[in-house]
Amino acid sequence: MKVEADQKCFICGPDNPIGLKVAFRINDRGNQSEATISLSELYQGWQGVVHGGIISALLDEAAIYACRPVSMHGVTAALNIRFRQPVSTDTEVCVMAEVISIKRKIAHVSARLLCNSEVMAEAEVKVKLLDEIGEVSL
């Protein structure tokens with residue numbers, strides 16, 4: 001599969017008219033990322049509750065951004081999520097991730113989504129680090 005970069009990522013892309021446009025902050029020294037966002041009812045599953053797919057996508061993207069100090073390009077190879085509590089719509093959340101280890105171009109990343117300092121969801125993510133954009137196989 002060939003991957004190409006543009007500015008239309010649903011989570012972070014500034015050119016996606018229906019995207020979330022999340023701006024991640026990156027800590028280069030710690031291979032960490034962080035962002036805050038409030039999700040409206042447009043992103044709900046059950047009434048007043050953010051859809052689990054949106055939470056999953058935020059955790060996934062935070063993991064990719066945590067890898068940026070090591071490699072500007074990466075793709076998710078595995079995503080294992082644990083939902084701890086429902087996330088209410090229109091509530092500010094913080095999503096963060098940290099690279100735990102890197103072995104053979106695979107970064108092992110831990111990601112969390114918090115609301116008022118309480119962990120609402122967490123993920124273990126494997127990110128395949130790419131030397132450049134192009135053909136990718138997992």
Side-chain angles (χ1 to χ4, degrees):
M1 175 176 143
K2 185 174 182 177
V3 295
E4 295 183 37
D6 63 15
Q7 299 293 307
K8 294 187 179 177
C9 171
F10 176 72
I11 298 297
C12 68
D15 294 341
N16 186 327
I18 63 166
L20 296 175
K21 298 174 178 55
V22 178
F24 283 90
R25 297 173 296 285
I26 301 170
N27 177 333
D28 295 348
R29 288 173 281 141
N31 292 339
Q32 300 169 331
S33 68
E34 183 176 328
T36 55
I37 185 171
S38 182
L39 300 163
S40 76
E41 65 185 11
L42 294 174
Y43 303 103
Q44 75 179 25
W46 294 104
Q47 183 177 7
V49 177
V50 176
H51 192 285
I54 299 297
I55 292 168
S56 301
L58 286 166
L59 291 165
D60 176 53
E61 194 73 10
I64 295 291
Y65 269 86
C67 295
R68 287 277 170 96
V70 179
S71 175
M72 281 302 292
H73 308 292
V75 293
T76 303
L79 179 65
N80 184 14
I81 300 169
R82 179 169 182 214
F83 298 97
R84 292 182 169 267
Q85 297 287 330
V87 177
S88 298
T89 55
D90 297 316
T91 303
E92 187 173 83
V93 297
C94 176
V95 60
M96 57 182 60
E98 177 179 12
V99 175
I100 304 303
S101 66
I102 300 173
K103 297 177 185 169
R104 297 184 182 171
K105 297 272 189 182
I106 300 289
H108 297 263
V109 184
S110 177
R112 296 176 292 159
L113 186 134
L114 296 93
C115 182
N116 298 320
S117 300
E118 183 178 358
V119 177
M120 308 302 274
E122 56 192 343
E124 296 301 320
V125 188
K126 291 182 183 178
V127 176
K128 179 164 181 151
L129 304 174
L130 307 175
D131 293 326
E132 58 187 65
I133 296 177
E135 291 295 321
V136 152
S137 63
L138 300 177

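Atoms considered below: every heavy atom in the structure, side chains included; atoms not considered: hydrogens, waters and symmetry mates. Note that the numbering runs from 1 along the sequence shown for the chain.
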Spatial distance of atom CE (Met72) from atom SG (Cys67) [nearest 0.5 Å]: 11.5 Å
Flag if over 12 foreign heavy atoms under 6.0 Å of NZ, Lys21: yes
For Ala23 against Ala35, the heavy-atom pair lying closest together: O-CB, 3.6 Å
Euclidean distance, Ile100 CD1 relative to Lys126 NZ, rounded to 0.5 Å: 13.5 Å
Non-hydrogen side-chain atoms of Glu122 and Ser110 separated by less than 4.5 Å: no
Hphob cluster co-occupancy, Val125 + Ile106, side-chain heavy atoms under 4.5 angstrom: no
Val109 side chain reached by Asn31 side chain, heavy atoms, under 4.5 Å: no
Side-chain heavy atoms of Cys9 within contact of Asn16, under 4.5 Å: no
Atom pair CG/CD of Leu79 and Glu124 - distance to nearest 0.5 Å: 10.0 Å
Same apolar cluster (I L V M F W Y, side chains within < 4.5 Å links), Phe24/Leu114: no
Same cluster (ILVMFWY, side-chain, under 4.5 Å), Ile11 and Val75: no
Main-chain N/O of Leu130 paired with Ser71 side-chain donor or acceptor, under 3.5 Å: yes
Check: Ser38 and Thr91 side chains under 4.5 Å, non-hydrogen atoms: no
same_hphob_cluster(Met96, Ile37) at 4.5 Å side-chain heavy-atom cutoff: no
Linked, directly or transitively: Leu42 and Phe10 (ILVMFWY side chains, under 4.5 Å): yes
Tell me which donor-acceptor pairs under 3.5 Å the side chains of residues 43-66 have, and how far apart each pair is, sequence neighbours excluded?
{"from": "Gln44", "atom 1": "OE1", "to": "Gly48", "atom 2": "N", "distance (Å)": "3.0"}
{"from": "His51", "atom 1": "ND1", "to": "Gly53", "atom 2": "N", "distance (Å)": "2.7"}
{"from": "Ser56", "atom 1": "OG", "to": "Gly52", "atom 2": "O", "distance (Å)": "2.8"}
{"from": "Asp60", "atom 1": "OD1", "to": "Thr76", "atom 2": "OG1", "distance (Å)": "2.3"}

Atom CG of Asn116 with >12 non-hydrogen neighbours under 6.0 angstrom: no
Approximate separation, where rounding is to 0.5 Å, of Ile102 CD1 and His108 NE2: 9.5 Å
Beyond-backbone contact of Leu39 with Thr89, side-chain heavy atoms, under 4.5 angstrom: no
Distance-minimising heavy-atom pair for Glu92 and Cys115: O-SG, 3.9 Å
Atom pair CZ (Arg68) and NE2 (His73), whose distance is rounded to the nearest 0.5 Å: 7.5 Å
